[in-house]
Trainee: 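Structure in structure tokens, see below.
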Amino acid sequence: MNDQAAGLRAYASQRRDKASLVTIGRPTPQAVNATCERLSALSGLAWETLPLALGEVSSAQRSSPYWGIGVAPGAEGLQGAYRDLKQWSQRERLPPLLIIRDPAASQDMPLDNLVDAARRFLGIKLFTDPADWLAQTLPMTESGGTR
């Protein structure tokens, strides 16, 4: 009995709390990995992604505050992301979304127009900075910090 309790204590001490990032669009594996690593470093949580196709949202996913959208490089990527946002906004009330993009393409891709258009025309709040997005989406603990 003591061995079992010791094993459970060891497991609990190694276990990290997990969070799921619901993703729409078509983020690349590199973009998803980089985003999850950054979110883990900022929040202390282990992040996993749940990619969705339009119309395939479960009630658990719908209630999740953690959503992101993949944005491919270039003008076509921005146009595709806006189309995805428009389609999703017609079916779902979207929470604030984190923009998920390839780290290599992040510097050459201004996103201000996409962020502004999503806010003005679709009523969707997009974040380019994971720290700002976490500040808006992670629940606060009683001590005032994030969990």
Side-chain angles (χ1 to χ4, degrees), residues 7-8 10-147:
L8 288 173
Y11 170 76
S13 70
Q14 294 173 351
R15 186 181 160 269
R16 291 177 63 187
D17 287 332
K18 290 186 178 183
S20 295
L21 176 62
V22 176
T23 59
I24 60 176
R26 292 161 293 285
T28 65
Q30 297 87 352
V32 169
N33 290 339
T35 299
C36 287
E37 286 174 10
R38 178 78 171 124
L39 291 172
S40 292
L42 290 168
S43 67
L45 300 171
W47 289 82
E48 64 180 359
T49 57
L50 302 173
L52 294 180
L54 192 60
E56 295 181 5
V57 183
S58 70
S59 60
Q61 292 162 329
R62 189 174 281 117
S63 66
S64 173
Y66 312 122
W67 283 57
I69 182 166
V71 179
E76 297 85 19
L78 294 172
Q79 291 168 349
Y82 186 79
R83 263 191 316 275
D84 288 341
L85 288 170
K86 189 171 182 179
Q87 288 176 345
W88 276 96
S89 69
Q90 292 170 351
R91 294 178 176 249
E92 303 287 333
R93 179 164 167 71
L94 296 172
L97 294 163
L98 176 62
I99 292 176
I100 302 168
R101 56 190 172 161
D102 283 322
S106 64
Q107 297 303 321
D108 66 350
M109 196 169 64
L111 298 170
D112 294 342
N113 288 343
L114 177 63
V115 171
D116 187 51
R119 182 185 49 79
R120 289 180 56 201
F121 301 117
L122 303 175
I124 299 170
K125 193 167 190 176
L126 298 179
F127 288 87
T128 57
D129 181 11
D132 291 341
W133 177 78
L134 283 170
Q136 291 289 313
T137 58
L138 276 183
M140 300 300 281
T141 62
E142 291 178 20
S143 64
T146 57
R147 59 176 177 158

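Being a predicted model, the structure only gives us computed values, none of them experimental.
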Trainee: May I have the step-by-step check of side chain to side chain contact (heavy atoms under 4.5 Å, CB included) for Leu122 and Tyr82, ending in yes or no?
Mentor: CA-CA 9 Å; Leu122 303 175; Tyr82 186 79; 3.7 Å; yes
Trainee: Can you list everything that forms a side-chain hydrogen bond (donor to acceptor under 3.5 Å, both in side chains) with Arg119? Sequence neighbours excluded, please.
Mentor: Asp116
Trainee: Take Leu134 and Leu39 through the test side chain to side chain contact (heavy atoms under 4.5 Å, CB included) and record every step on the way to the result.
Mentor: CA-CA 8 Å; Leu134 283 170; Leu39 291 172; 3.9 Å; yes
Trainee: Rounded at 0.5 Å granularity, tell me how far CD1 in Ile124 sits from NZ in Lys86.
Mentor: 11.0 Å
Trainee: Does Thr23 use its side chain to pair, donor to acceptor, with the backbone of Ile69 at less than 3.5 Å?
Mentor: no
Trainee: What distance do Gln79 atom CD and Leu114 atom CG have between them, rounded to the nearest 0.5 Å?
Mentor: 11.0 Å
Trainee: Side chain to side chain contact (heavy atoms under 4.5 Å, CB included), that's the test. Do Leu21 and Ile100 meet it? Break it down for me.
Mentor: CA-CA 11 Å; Leu21 176 62; Ile100 302 168; 3.8 Å; yes
Trainee: If you compare all heavy atoms of Pro103 against all heavy atoms of Gln30, which two are closest, and at what distance to 0.1 Å?
Mentor: CD-O, 4.2 Å
Trainee: Check the pair Asp84 / Arg26 against side chain to side chain contact (heavy atoms under 4.5 Å, CB included), numbers first and verdict last.
Mentor: CA-CA 9 Å; Asp84 288 341; Arg26 292 161 293 285; 3.6 Å; yes
Trainee: Minimum heavy-atom separation for Pro95 to Pro65, with atom names?
Mentor: CB-O, 4.1 Å
Trainee: Please find the pair of heavy atoms, one from Ala19 and one from Leu45, that lie closest to each other, and give the distance.
Mentor: CB-CD1, 3.9 Å
Trainee: For Pro27 and Gly70, which heavy atoms make the closest approach, and how far apart are they?
Mentor: CB-CA, 3.8 Å
Trainee: Report the residues that fulfil side-chain hydrogen bond (donor to acceptor under 3.5 Å, both in side chains) with Ser89, sequence neighbours left out, ordered by chain and then residue number.
Mentor: none
Trainee: Just how far is it from atom CG of Leu94 to atom CD1 of Ile24, taken to the nearest 0.5 Å?
Mentor: 5.5 Å
Trainee: Look up atom CZ in Arg120 and atom CG in Asn113, then write down how far apart they are to the nearest 0.5 Å.
Mentor: 10.0 Å
Trainee: Any side-chain heavy atom of Pro130 sitting closer than 4.5 Å to one from Thr35?
Mentor: no
Trainee: To the nearest 0.5 angstrom, please state how far the CZ atom of Phe127 sits from the CG atom of Leu111.
Mentor: 14.0 Å
Trainee: Side chains of Leu126 and Leu85: closer than 4.5 Å at any heavy-atom pair?
Mentor: yes
Trainee: Enter the distance from Tyr66:OH to Leu50:CG here, rounded to the nearest 0.5 Å.
Mentor: 12.5 Å
Trainee: Is the shortest heavy-atom distance from the side chain of Val115 to the side chain of Ile99 under 4.5 Å?
Mentor: yes
Trainee: Which pair of non-hydrogen atoms, one from Pro110 and one from Leu78, has the smallest distance, and what is that distance?
Mentor: O-CD1, 4.0 Å
Trainee: For residues Trp133 and Pro96, report the shortest heavy-atom separation together with the two atoms involved.
Mentor: NE1-O, 3.2 Å
